[in-house]
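So the structure is just underneath, and the comments pick up after that.
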Number of protein chains: 2
Amino acid sequence: MSAEKVTIADVARTAGVSKGLVSFALNNRPGVGAETRVRILQVAQDLGWKPSLRARSLSTQRSFALGLVIARNPEVLASDPFFPSFIAGVESILAAERRALVLSVVPDEETELQTYRSLVADGRVDGVFLSDLRHNDARIPLLTELGLPAVTLGRPDGDSPFPAVTVDDTPGVTASVRYLAELGHRRIAHVAGSPNLLHGTRRREAFAAAMAAAGLPEGQTVETDFSVGAGSDATRQLLGQAIRPTAIVYANDPMAIAGLGVAHELGIRVPEDLSITGFDDIDFCRYVFPPLTTVSAAPAVWGRAAATTLLQLMEHGHADDVDLPAARLIIRGSAAPPLRP
Amino acid sequence: MSAEKVTIADVARTAGVSKGLVSFALNNRPGVGAETRVRILQVAQDLGWKPSLRARSLSTQRSFALGLVIARNPEVLASDPFFPSFIAGVESILAAERRALVLSVVPDEETELQTYRSLVADGRVDGVFLSDLRHNDARIPLLTELGLPAVTLGRPDGDSPFPAVTVDDTPGVTASVRYLAELGHRRIAHVAGSPNLLHGTRRREAFAAAMAAAGLPEGQTVETDFSVGAGSDATRQLLGQAIRPTAIVYANDPMAIAGLGVAHELGIRVPEDLSITGFDDIDFCRYVFPPLTTVSAAPAVWGRAAATTLLQLMEHGHADDVDLPAARLIIRGSAAPPLRP
DNA sequence: ATAGTTGGCTAAACCGGTTCAGTTGGCGGT
DNA sequence: ACCGCCAACTGAACCGGTTTAGCCAACTAT
C-alpha cells in the first residue's frame, strides 16, 4: 500500500546493486549475470517499480508516442468515419506497447506543417502517420528534413524515404465500372474527390481507365472536395442535364448517400432510373434505401498495419512496404440494369 | 543556422547569469531585476532557445498534455461525427497553449478504466475529458482517487468534484415533441439511446415528460445502443405493428437516417405517412431526402468550452461549471401533419 | 552606529532514468 | 607463478530543466 513512488534507486539499494545495473537488467542488455538479472527483476516486481516515462524520455530523447495530424475541412472530417476506425486500429496495437497516440486536428495545410514542426521541436512524438497524401506532398520533404520517422497511408507520387502501407483502391473502382457496364450501362458518370488528394485523382484515373477498358465512351466527371454537400451539388448538376447518366460512381460513400437524397428529391428512382455506387463501405451504406453498393476498404485493419509498420521502422530503422488486400466491391441494392427508354 | 540545440545553460552563460535565474525570468517569477529580466529574455530570443518540454516534464512532474479516452463500440463511433468535431474544437484551444491531446480509443469499459490508470502512471496527461457519462459513472471515483483533474461533458448524476460543461439537450427533445404534437400527431414513438448513457436516459425522460405535457398518451419507446443498425431494427419493429406511430423521435441522427431508409423500403412516405426527427444535426441531415428535422448540438463549441474549462481548472485549481446554449430544433422537411385516415 | 530586512542573484541539489569509463575478480594459457 | 583477458559490476556524468538554501549589498529602523 505504499503510495510512495518507487524509483530505480530504491530497486538498486534493495537488490544491493548500482542504478546502472538495474537499468541494464531492465532493458535486458548484456553485461549482467544471469542470476543477478533474475534477482533484480524480482526485486523490481516486488517493489512494484514502474520506470518513469518522463525520466526515460529525458535521457533517451524519445517520447514513446506516435502522432497523427489531420488536416481536413470540418465537414469532410465529420461525415467520414475513416479516422475513427483507423485510430481504433492503431490503438489496438499501441496499447500493448505502452505507447500513446497524440492527435492533432488542424484547419489548413499551413498549420499542418507548423504542427509537425512543433511536435518535433517539443519532442512529443517519435514517429507519425501520413494520411490523405497529396500530389508532391510537402510533408514528405519536411519530415525528412526533421528526421522524423513516418509511414505513408498509400504510396506517394514522388520519391519517399518512408515505408508505405497501402490498400489499393483502383480495383474497387474498376470493379464498380465493370459491374455497371455488365448490367448494361453506357452513360456512367463519376463524382470524383478532391484533385489535390492522391486517392482523389487515382480513383478518377481508375474510373477513366475502366470506362475505356469496357469499351465505353468517356464518362462525365465532376470534381468535388469529398464533402457531403459537394456530392449533393455534383449529383444535382449531373441529373439536371437533358441527357442524364444512367449510373454514377461516387468517390466516397457520404457523397453517394447525398446523391441518393438528390435522386429521391427529383423523383428519380434508384436503382430503376439511376444506379449508384459508393466507396468505403461506411456503416450507413447497409441502412439507407436502397442499400448502397460500394467498395470496402477496412480502415481498422489499415490502422493496425500502419502502426505495426511504424513501430518496426522505429525499432529497426527499416520497414518494408505493406500491401493490404485490395478494396473489393460489395454488391447491395443501389445498382440494376438500366431501363430501355 | 546552428542546428545545435540551445539549452538553458547556453542562455545563462551568454547572459552572464546562472541557470536558475534564467528559469525565473522565463516563468516570470519575482526575484529578478527588471533590467536583467529583459536582458535574459532578449538573449533567449536571440539564441532561439525553446525550453525542453521533456526536461520540464521531469522536473515539474507535468506533461502539458490532455487526454481523451473514448469507449464506444466501433459501429457507433464510426457513424457518429460527434468526436471529430469535438476534438477539432478542443484542438483550436490547445494549439495556442502549446499543449497536446492524447487520444485513446478502447473497446470496453474495463479497458477504459485501465487506460486512465496507465495514463496517470505514465504521467502522460495532466487532465482528461470525460464524455459519454454513464449512470453512477465509475470513472469519477477513479479519477478522484488518482487525483487527475477532469471536466465532465454534461452533468453527472452522482456527486462529482469536477466542473461540468453542459449542453442541455432536453429542450431539444421537448421542442421536437411539441412541434410534432402541434402538427397534430398523437401516436409519437421514441427510438431511445443506450440506457447506460446519461444522455440516453435523459432524452428518453424528456420525451416522456414532453408527451405528458402535450396531453398525449404515453409514447412507445424502443431502446437501442445508438448504432445505425439498432436504429434500423427499432424502426422496423415500430412500423411492423398493426397500429403504427405517425411520428418517431430518434435519439440521434444516424438512427433517424436509418429509420428513413426503413420507411422508404416499406413504402411508407416521409413525411406524408410518417414524420421523423433526429438529434445532433450531423451534416448528412441536410442532404438526405427529405432533409431531416433535427436538434443542433454544436460539438465544436462544446470542445472549445471544455478545453478552456479544463485548462482553467489545472491552472487555478478551480473552474466553474459552464452551461452552453441549449440544443435547439432545426426544422427541415422530415415532419408534416399526419394524414387523416 | 548597529541590527534587521529585503531584493537580486548564485551554487548545488533534484527529478529518475541512461550511458560510459573504469575497477574488480576469476579463469585459461604458458 | 605470472600475464592477459573478459564478464560482471560500480561510480559518476549526463539529459535540461526547476527549486531551495544561502550569500551579499543596499536600504531601513532604532
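Every chain is numbered from 1 and lettered A, B, ... according to where its sequence line falls, protein lines coming before strand lines.
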(request) Before accepting this row, confirm whether a basic side-chain N of the pair B:Asp323/B:Arg155 lies closer than 4.0 Å to the acidic partner's carboxylate O. (result)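 Counted as a salt bridge, because a side-chain N and a carboxylate O are separated by less than 4.0 Å.
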(message) Please determine whether a side-chain nitrogen of the Lys or Arg among B:Arg99 and B:Asp126 lies less than 4.0 Å from a carboxylate oxygen of the Asp or Glu.
(response)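 No, B:Arg99 and B:Asp126 are not salt-bridged.
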(request) Flag the pair A:Leu66 / A:Met314 as yes when at least one side-chain heavy-atom distance between them is below 4.5 Å, and no otherwise. (result)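 Of all side-chain heavy-atom pairs linking A:Met314 with A:Leu66, at least one is under 4.5 Å.
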(request) Decide yes or no for B:Arg98 and B:Lys50: does some side-chain heavy atom of the first lie under 4.5 Å from some side-chain heavy atom of the second? (result)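 They are in contact (side-chain heavy atoms under 4.5 Å apart), so the answer is yes.
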(message) Given 3.5 Å as the limit, does a donor-acceptor pair link the side chain of A:Thr166 with the main chain of A:Asp168, or not?
(response) no
(message) If we ignore hydrogens and angles and just use 3.5 Å, is the side chain of B:Asp108 paired with the main-chain N or O of B:Glu110 as donor and acceptor?
(response)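 Confirmed, B:Asp108 side chain pairs with B:Glu110 backbone.
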(message) Let me test you: for the helix from C:dA1-D:dT30 to C:dT30-D:dA1, what is the angle between the axes at its two ends (five pairs each), rounded to 10 degrees?
(response) 50°
(request) May I ask you to say what B:Thr7 touches in the nucleic acid, namely base, sugar-phosphate or nothing, with a heavy-atom cut-off under 4.0 Å? (result)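 Sugar-phosphate: the residue B:Thr7, judged by heavy atoms under 4.0 Å, touches backbone atoms but no base.
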(message) Counting the atoms with a prime plus P, OP1 and OP2 as sugar-phosphate, which does B:Arg62 contact under 4.0 Å by heavy atoms, base, sugar-phosphate, or nothing?
(response)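 No contact.
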(request) Could you list where the contact with chain B starts and ends along DNA chain D, reading 5' to 3', using a 4.0 Å heavy-atom cut-off? (result)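 Span of nucleotides near chain B: D:dG16 to D:dT20.
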Please write out each protein N/O paired with an N/O of nucleotides 5-11 of chain C under 3.5 Å, distance rounded to 0.1 Å.
from	atom 1	to	atom 2	distance (Å)
C:dC9	OP1	B:Thr36	OG1	2.6
C:dC9	OP2	B:Gly33	N	2.7
C:dC9	OP2	B:Thr36	OG1	3.2
C:dT10	OP2	B:Ser18	N	2.9
C:dT10	OP2	B:Ser18	OG	3.2

(request) Using only heavy-atom distances, determine whether the side chains of A:Arg304 and A:Ser92 contain a donor-acceptor pair under 3.5 Å. (result) yes
(request) Could you check B:Glu145, B:Glu109, B:Glu112 and say which one makes a salt bridge (charged side-chain N to carboxylate O under 4.0 Å, His left out) with B:Arg139? (result)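 Per the salt bridge (charged side-chain N to carboxylate O under 4.0 Å, His left out) rule, the option paired with B:Arg139 is B:Glu112, out of B:Glu145, B:Glu109, B:Glu112.
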(request) To the nearest 0.5 Å, tell me how far B:Ser104 OG sits from B:Tyr116 OH. (result) 9.0 Å
(request) Report the relative orientation of the aromatic rings in B:Phe82 and B:Phe86; use parallel for angles under 30°, tilted for 30 to 60°, perpendicular for over 60°. (result)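 Taking B:Phe86 first and then B:Phe82, their aromatic rings lie parallel (interplane angle under 30°).
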(request) Take atom CD of B:Gln61 and atom P of C:dG17, then tell me their distance rounded to the nearest Å. (result) 10 Å
